[in-house]
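One structure is given here, and the rest of the page talks about it.
Atoms considered below: every heavy atom in the structure, side chains included; atoms not considered: hydrogens, waters and symmetry mates. Residue indices begin at 1 and follow the sequence shown. Only a predicted model underlies this, so the values are computations on that prediction, with no experimental measurement involved.
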Amino acid sequence: MSALACLALTVPVHAELPIARGSHTLAGPGAETNATPEWLYTLRPGESFGEVANALLSKTVHADRLLQYNNINNAAAIGEGDALRIPLSWLQRQPDPARVVTVSGQVQHISGNDGRKRSLTADTLVRVGDEIISGSGSATVELADGSQVRISPDSRLIFNRLTQYGKSGMVDTRLRLDHGEVHTKVKPVIEGGARFEIETPSAVAAVRGTVFAMQAAPGTTHLQVTEGAVNFGPRGKTRNIPAGYSASVSTAASGSLSIHRLPPAPELNPLPPQITSLPTEMSWQPSGAMGHRLDIFEAESGRWVESRKVSGNRYNLSLLDNGAYEIHLAALNTRGIAGMPDVLKVEVDLSAQAAELLAPEAGATVNDDMPEFRWELKGSNEVARIEIAEDDTFRRLVATSEWAPDSRALPSRPLTPGTYYWRVVSEAGGNSVASSDAREFTINGTLPPVRIISVNYVDSQVRVFWEKVDTASDYRLQLSEEPGFSNIIKEATLSETTAALRLIPGRRYFVRLKALSEGPLASRWGPGRELYLE
């Protein structure tokens with residue numbers, strides 16, 4: 001059984017040490033315990049004093065010293081349910097890496113060991129000396145004791161100390177926010193033992209269990225406390241900042257500390273606990289604030305989904321996958337600092353709907369190897385793609401399109417002549433999928449477009465030369481006086497790869513060609529070429 005399961009925080013306040021269960025009496029702690037921060041550990045079934053001492057004590061502290069500290073003469077007399085007081089300074093300490101829980105966008109991880117830069121990914125271990133540079137992305141890091149640090153975009157966070165006290169689960173964490181913003185949720189710690197500290201170039205914040213946000217910029221540091229309290233200010237001149245207050249340090253003002261009450265939390269209007277269509281509008285009661293800050297987090301992982309400043313008292317929620325979310329809304333004061341948040345918990349549960357197919361129609365014959373497919377989406381906030389196969393089971397796909405919120409697409413590659421089936425697969429919420437009915441269609445195929453090679457002018461005659469298409473039997477030529485070829489003045493079918501045209505001098509003409517075959521195959525019109533006879 002792990003020692004962690006039986007640990008509890010305490011500071012000695014009386015002379016006698018009560019025993020939950022056991023057959024002997026322990027006397028009060030010795031003089032060495034006065035005002036000493038310590039753990040209270042209760043032995044589990046089957047555990048011995050020696051096992052506990054070996055698992056928890058530093059190698060510099062002998063087990064006999066712990067017996068003496070608790071005024072115990074015989075270690076064999078200690079059994080299940082008996083309690084031991086252990087000074088925090090006696091506990092084992094070792095580096096304990098933090099773990100990346102979530103990453104959104106591009107975030108860099110710089111190793112403190114070799115200085116190499118790597119892309120940060122979920123489950124990456126962050127060790128002492130490492131840095132995280134968020135750029136346009138964001139990340140959530142979890143410490144060994146379960147405390148979390150959310151790193152905003154455009155931030156640089158350095159991990160100066162990550163120490164754990166043996167198997168107690170208690171940690172000593174010291175970070176440096178070079179610039180940017182972090183949001184923290186710190187587990188309660190004990191005076192003189194566990195420690196959580198964030199330093200910036202102009203200030204330091206030390207906490208013992210709280211929720212707060214911190215922003216660092218050249219010459220300034222801002223703090224907002226929403227739960228608990230934070231010791232904050234220039235190093236050596238910190239003050240206790242309670243929940244509901246913000247504080248700022250400015251080096252331009254000789255490191256002076258200013259404290260202000262945070263704007264109260266706005267009042268969010270309720271939403272249905274389950275959202276089944278997006279976009280959906282959220283709103284809040286007018287507060288007179290100059291603006292609000294909106295943050296959306298995944299409820300389970302804590303991943304930062306969205307963060308933005310909004311005006312007015314309405315906002316459309318969109319582009320959310322299925323799942324549970326926490327929506328935080330805070331009023332901004334005149335300095336642009338967010339106040340106390342109101343939190344709304346919602347669950348998104350979108351269901352994809354089968355799309356309606358428009359073109360090609362069922363049984364259609366297409367003379368194009370890259371036909372356009374069109375459909376109509378019936379669901380909310382959906383993306384879709386086409387799937388093309390040689391049979392209606394779609395076990396082996398011949399071509400697809402990219403996932404997109406569009407209603408038309410081209411196949412991913414040209415289709416050879418033959419019969420195919422196509423359908424549209426739509427997706428909503430990241431995990432709900434629906435497929436349309438399948439349609440059969442036939443590709444006759446196509447020939448390559450005809451490219452004009454050269455044009456020769458001789459007297460009042462113009463001769464046009466074009467590339468030969470191996471599979472073509474003839475070529476169709478069109479002549480027009482405008483580049484859109486909406487008004488054709490001459491059209492002819494030719495078997496050769498050249499044609500002579502008589503033109504009126506001083507006028508501009510345009511010519512284009514396409515290849516023909518003995519079957520139904522034809523090419524697209526090739527690019528037009530301008531003709532001008534002086």
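Ring pair Phe196/Phe212 is perpendicular by interplanar angle, where above 60° counts as perpendicular and below 30° as parallel. Aromatic ring pairs are classed by plane angle as parallel below 30°, tilted from 30° to 60° and perpendicular above 60°; the pair His183 and Trp304 is perpendicular.
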Could you walk me through whether Arg118 and Ser111 pass the side chain to side chain contact (heavy atoms under 4.5 Å, CB included) check? CA-CA 8 Å; Arg118 300 174 178 88; Ser111 169; 3.8 Å; yes

Begin from the C-alpha positions of Leu329 and Arg293 and carry the test side chain to side chain contact (heavy atoms under 4.5 Å, CB included) through to its verdict. CA-CA 6 Å; Leu329 184 77; Arg293 172 165 169 163; over 6 Å; no

Show your working on side-chain hydrogen bond (donor to acceptor under 3.5 Å, both in side chains) between Thr121 and Thr124 and close with a plain yes or no. CA-CA 6 Å; Thr121 59; Thr124 296; 3.1 Å; yes

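Residue Arg261 qualifies as open at atom CZ: its count of foreign heavy atoms under 6.0 Å is 12 or below. Open room surrounds CD on Gln106; 12 or fewer heavy atoms of other groups in view lie less than 6.0 Å from it. Within 6.0 Å of atom CZ in Arg335, more than 12 heavy atoms from other residues, nucleotides or ligands are found, so the atom counts as buried in its surroundings. Applying the 6.0 Å contact sphere to CG of Asn316 captures more than 12 heavy atoms from other residues, nucleotides or ligands. Within 6.0 Å of atom CZ in Arg395, 12 or fewer heavy atoms from other residues, nucleotides or ligands are found, so the atom counts as exposed in its surroundings. Residue-environment remark: NZ (Lys309) stays at or below the threshold of 12 foreign heavy atoms within 6.0 Å.
Side chain of Asp130 to backbone of Gly112: a donor-acceptor contact under 3.5 angstrom is found. A distance-only check finds a donor-acceptor pair linking the side chain of Ser134 to the backbone of Ser152 [under 3.5 Å]. Judged purely by atom type and a 3.5 angstrom limit, Glu47 has no side-chain atom pairing as donor or acceptor with the backbone of Thr42. Side-chain N or O atoms of Asp406 include none that pairs as donor or acceptor with a backbone N or O of Arg408 at under 3.5 Å. Looking at Thr200, its side chain does come within 3.5 Å of a backbone N or O of Ser202 through a donor-acceptor pair. At least one donor-acceptor pair under 3.5 Å links the side chain of Tyr325 to the backbone N or O of Asp321. Looking only at distances, a side-chain donor or acceptor of Ser436 sits under 3.5 Å from a matching main-chain atom of Val424. Judged by distance alone, with hydrogens and angles left aside, the side-chain atoms of Ser426 form a donor-acceptor pair with the main-chain N or O of Gln353 at under 3.5 Å. Without hydrogens or angle criteria, Thr251 side chain to Gly219 main chain gives a donor-acceptor distance under 3.5 Å. For Ser58 (side chain) and Val61 (main-chain N/O), no donor-acceptor pair under 3.5 Å exists by modelled atom type.
Pro341 pairs in a side-chain contact (heavy atoms from CB on, under 4.5 Å) with only one of the listed residues (Val211, Asp295, Thr226), which is Thr226. The side-chain contact (heavy atoms from CB on, under 4.5 Å) test with Met214 singles out one residue from Val225, Thr221, Thr184, Val230, and that residue is Thr221.
Under the 3.5 Å distance criterion, with hydrogens and angles disregarded, a donor-acceptor pair is assigned to the side chains of Tyr315 and Arg308. Looking only at atom types and distance, the side chain of His222 has no donor-acceptor partner in the side chain of Gln224 under 3.5 Å away.
A salt bridge links Arg156 with Glu131: the distance from a Lys NZ or Arg NE/NH1/NH2 to an Asp or Glu carboxylate oxygen falls below 4.0 Å. Under the 4.0 Å criterion applied to side-chain N and carboxylate O atoms, Arg235 and Glu197 are assigned as salt-bridge partners. Comment: Arg303 does not engage Glu142 in a salt bridge, judged by the lack of any side-chain N to carboxylate O separation of less than 4.0 angstrom.
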Side-chain atoms of residues 263-281: list all donor-acceptor pairs with protein atoms under 3.5 Å, sequence neighbours left out, distances to 0.1 Å.
residue, atom, partner, partner atom, Å
Asn269, OD1, Gln285, NE2, 2.8
Asn269, ND2, Ser283, OG, 2.8
Glu281, OE1, Arg314, NH1, 2.8

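Looking at Arg176 and Phe159, their side chains never come closer than 4.5 Å, going by heavy atoms from C-beta outward. Side-chain atoms of Leu84 and Tyr69, non-hydrogen and from C-beta on, never get closer than 4.5 Å to each other. Looking at heavy atoms from C-beta onward, Val207 lies out of side-chain contact with Asn231 at the 4.5 angstrom threshold. Between Arg423 and Val425 there is a side-chain heavy-atom pair separated by less than 4.5 Å. Taking 4.5 Å as the limit, some side-chain heavy atom of Val100 sits within range of a side-chain heavy atom of Val126. Within the 4.5 Å cutoff, side-chain heavy atoms of Val149 are placed close to those of Leu175. The shortest side-chain heavy-atom distance between Ile110 and Ile133 falls under the 4.5 Å cut-off.
Geometrically, Arg150 engages Phe297 in a cation-pi contact defined by less than 6.0 Å to the ring centre and at most 45° from the axis.
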